[in-house]
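The next block holds one structure in the form of structure tokens; read it before the comments.
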Amino acid sequence: MDILQSLNGRQKKAVTASPGPVLVLAGPGSGKTRVLTHRAAYLMSELQVQPFHMMAVTFTNKAAEEMKKRIDALLGRHTRGLTVGTFHSTCAGILRIEAAHIPVNQNYVIFDADDQLRVVKQVLKDLNYNEKDYRPQRIHGIISAAKNELYLPKDVPIFNRWDKVAVEVYEAYQKILLSSNAFDFDDLLLWMAFLLRDNEQVREKYSRRFEHILVDEFQDTNIAQYTLLKHLASYHRNIFVVGDSDQSIYRWRGADYRNVRRFEEDFSDAAVILLEQNYRSTQNILDTAMAIINRNTNRMPKKLFTERGEGELIAIREAFDEQQQAAFVVDIIQQQVREGKAEVSDFAVMYRTNAQSRIIEEAFISAHIPYRLVGAQRFYGRREVKDIIAYLRVIVNPDDIVSLRRIINTPRRKIGLKTFADLLQNAARNGLTPGAFLMTLAEEGAPNREAFNESVAARLSAFGRQLVSWRKLVDSLPPVEMIDRILEDIDYRSFIEDGSDEGYDRWENVDELRRLASEYQTVGLFKFLENVALISDQDTLDSDAEGATLLTLHAAKGLEFKQVLIIGLNDEILPHVRSMDDPEAMEEERRLFYVGITRAKDRLYLLHSLVRTFGRSRELEASPFYRDIPPELRAGNSLYGVPVSRQDSQIKVGRTWKELQAESARNQPLEKQFNPGDKVQHPKWGNGLVLNSRLQDDDEIVDVFFEGMKDKERTKKLIASLSNLKKIA
């Protein structure tokens, strides 16, 4: 058949597998989407399965559209009746049809993220909880996680005060949604799973209809998605899933790589097919990726191979600081472009957090290298960065009405659109700009206060007093201290850092802005704002223009590039500091690194720095992941800008004294440092008692009970080599 001609042996085996459960474990670049679409076309053309009786689900609309196009192209016709879509869109359609069995009618609306957060905030207020004590985003995150686990409020396990409050909010939140005839995104999965689980008639209807179910990116499914898939496949049991647990990097949004194991247990007769031939990368890149991922536990081993040859060795660069690291990136790109060996669009620069892009963006702008940012705004276009810059602009220029409009109710001061409109009118009536008029309200007895009712006048005058006080400091405070004063006065950190990953990233961006401001200590605030304006107002790249790609490692999944540069390979960055004491999180950090490595087709560069600056310089160690890359895969290194031989680099690259000690220790039989009953001390959690200790993955995992912690938070699972845990007498 023409459909099978372009497939290799393993791909063909997967596509033509007999009906029944099939698990395809597809390594990166092995053609998993090709296999999925060819499987759908094969079922319809060879086994005469009608489109109406097939369902294919994935995670993004773009992926679903691409899947449909490929199937149509393979069959040479439009496949009417085929259900292809995201999990959420597919569930939404079925739930409207079956609305008689769910707690909303078929005209239900779907609350978006802003709607959901607004409801959570209202509920917190109604329950007399302070938003500063219980961040709405974090509360919503707990509710979302509960729904992904198929927990209604009464089912949510309570381990701490956050859980207790979240359950109260969840119950009231859900009542508001249902009384509004609304679902949120998680409800679409939750109620679909409940409907199939509890209503035998509906379950039989759809499990009979969908003779074949195909699932893409199976490793990214959560419990709710896995449950509804299992029910949909309960009659025919023809479920074909494609995924790679080694690329499961979305744990923070509910994805559970263990669903692969659950599938093998629930469908014990499933055919398991490995796709190990890679069509993207060279063998040296694949060997590096396998060296990293093979240290993870509880995974099915794969041996990735390619016919593309060994390729270039992995280049590792050690820089003094982030600026020199960015300079290395620029030099690598410029040299190859100048020599005609590559195009700018061949390169991708990847990093762990969005805040790391700022220095690379500035280096590219200075070097006139076009770029595009994937999965995030440009650094100076991010909300929190624009907020702080707007404050600074109003302070130095109160006539800036655009910046004033942005900040006057950020954070919220109960100065809404109507009040701002009244401010504009009264300012114009008095021949003043809004900023200047606002400052006239600073004094308690100011006559202009009479233009507003007492409560509105009080709020406006309070902000006016802040503006006056800041303006008095413009000439005396360096930029970074001016920023710190603003942040403290408006309590901006509490406004954006809410306990969620997004909030943490936003505060990292503010810290990065502070770091930039610290470089303008001697030239002052005006020069700082002038330079920022030149960067933030510059359109570095048309949307259709080509350039180097800048993106986080999370955003890189599913993409590929000829040359990949991964920056910031330092301890506490990758792996991230928040993962250090959690073995599960550490394994996900390793999977994230694996995903980044396997995006590279021809060349891979790994970069780190000795120093990182956030207002002040701080020494950082190289990532412990370097230790796993065999010396024979590494090319030469640059230490402080001085090239060294490959032989030297095998010994020195990325090695601090502590790492050399750790490297030496790895060659010795591993012995436990801690035993049950040992008294220990942790720099964050204080004194504790060792409950258990065991050797795992060339390290020691220690369970510790901490006296100063509350309730069930007291017991922590720590990685001995990374936790700074010390024995005490």
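The first residue of the sequence shown is numbered 1, and numbering continues consecutively from there.
- Put simply, the side chain of Arg237 never gets that close to the backbone of Pro19: no donor and acceptor are under 3.5 Å apart.
- Within the 4.5 Å cutoff, the side chain of Tyr626 has heavy atoms near those of the His608 side chain.
- Side chain of Asn8 to main chain of Gln11: a donor-acceptor pair is present (N/O by atom type, distance under 3.5 Å, no hydrogens or angles).
- Using a distance-only test at 3.5 Å, with no hydrogens or angles considered, a donor-acceptor pair links the side chain of His576 to the main chain of Arg578.
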Quiz item: Step by step, would you call Glu276 with Lys303 a salt bridge (Lys or Arg N to Asp or Glu O under 4.0 Å)?
Solution: CA-CA 6 Å; Glu276 298 172 300; Lys303 178 64 176 176; over 6 Å; no

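- Here the side chain of Glu587 pairs no donor or acceptor atom with the backbone of Glu584 at under 3.5 angstrom.
- Using a 30° and 60° split on the angle between ring planes, Phe593 and Phe625 fall in the parallel class, below 30°.
- Ser207 and Glu204 share no side-chain donor-acceptor pair at under 3.5 Å.
- Formation of a donor-acceptor pair under 3.5 Å by the Gln283 side chain with backbone atoms of Thr306 is found in this model.
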Practice prompt. Determine, stepwise, if the pair Glu588 / Arg591 fulfils salt bridge (Lys or Arg N to Asp or Glu O under 4.0 Å).
Written response: CA-CA 5 Å; Glu588 180 148 319; Arg591 293 196 293 270; 3.2 Å; yes

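- Between His231 and Tyr206, a ring centre-to-centre spacing not shorter than 6.0 Å is recorded.
- Side chain of Glu508 to backbone of Tyr504: no donor-acceptor contact under 3.5 angstrom is found.
- Ion pairing between Lys147 and Asp187 holds under the 4.0 Å rule for side-chain N and carboxylate O.
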Subject >> Working for salt bridge (Lys or Arg N to Asp or Glu O under 4.0 Å), residues Asp266 and Lys230 >> reply: CA-CA 9 Å; Asp266 292 334; Lys230 191 167 70 169; 3.6 Å; yes

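- Without hydrogens or angle criteria, Asn570 side chain to Ile573 main chain gives no donor-acceptor distance under 3.5 Å.
- Ion pairing between a basic and an acidic side chain is recognised when a charged N comes within 4.0 Å of a carboxylate O; Arg262 and Asp256 show such pairing.
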| Taking it one step at a time, do Met44 and Thr79 satisfy side chain to side chain contact (heavy atoms under 4.5 Å, CB included)? | CA-CA 9 Å; Met44 284 184 276; Thr79 49; 4.0 Å; yes

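- With sequence neighbours left out, Phe263 forms a ring pair (Phe, Tyr, Trp, His ring centres under 6.0 Å) with Phe218, Phe267.
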query: Between Asp246 and Arg299, is a salt bridge (Lys or Arg N to Asp or Glu O under 4.0 Å) present by the stated rule, with each step listed?
result: CA-CA 8 Å; Asp246 290 335; Arg299 53 177 294 273; 2.7 Å; yes

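- Here the side chain of Arg599 pairs a donor or acceptor atom with the backbone of Leu559 at under 3.5 angstrom.
- Arg209 places a side-chain N or O within 3.5 Å of a backbone atom of Phe52 that can act as its donor or acceptor partner.
- Remark: Tyr151 pairs with no residue by the ring pair (Phe, Tyr, Trp, His ring centres under 6.0 Å) rule, at least two apart or across chains.
- In this structure, the side chain of Asp155 engages the main chain of Leu152 through a donor-acceptor pair within 3.5 Å.
- Using a 4.0 Å cut-off between a side-chain N of Lys or Arg and a carboxylate O of Asp or Glu, Lys562 and Asp602 do not qualify as a salt bridge.
- The aromatic ring centroids of Phe87 and Phe59 lie less than 6.0 Å from each other.
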Q. Between Ile567 and Val349, is a side chain to side chain contact (heavy atoms under 4.5 Å, CB included) present by the stated rule, with each step listed?
A. CA-CA 7 Å; Ile567 66 169; Val349 183; 3.9 Å; yes

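- Using a 3.5 Å distance cut-off with no hydrogens or angles, the side chains of Asp571 and Ser623 do not pair a donor with an acceptor.
- Around atom OH of Tyr279, more than 12 heavy atoms belonging to other residues, nucleotides or ligands sit under 6.0 Å away.
- The side-chain tip of Arg317 does not point at the ring of Tyr605 from less than 6.0 angstrom away and within 45° of straight on.
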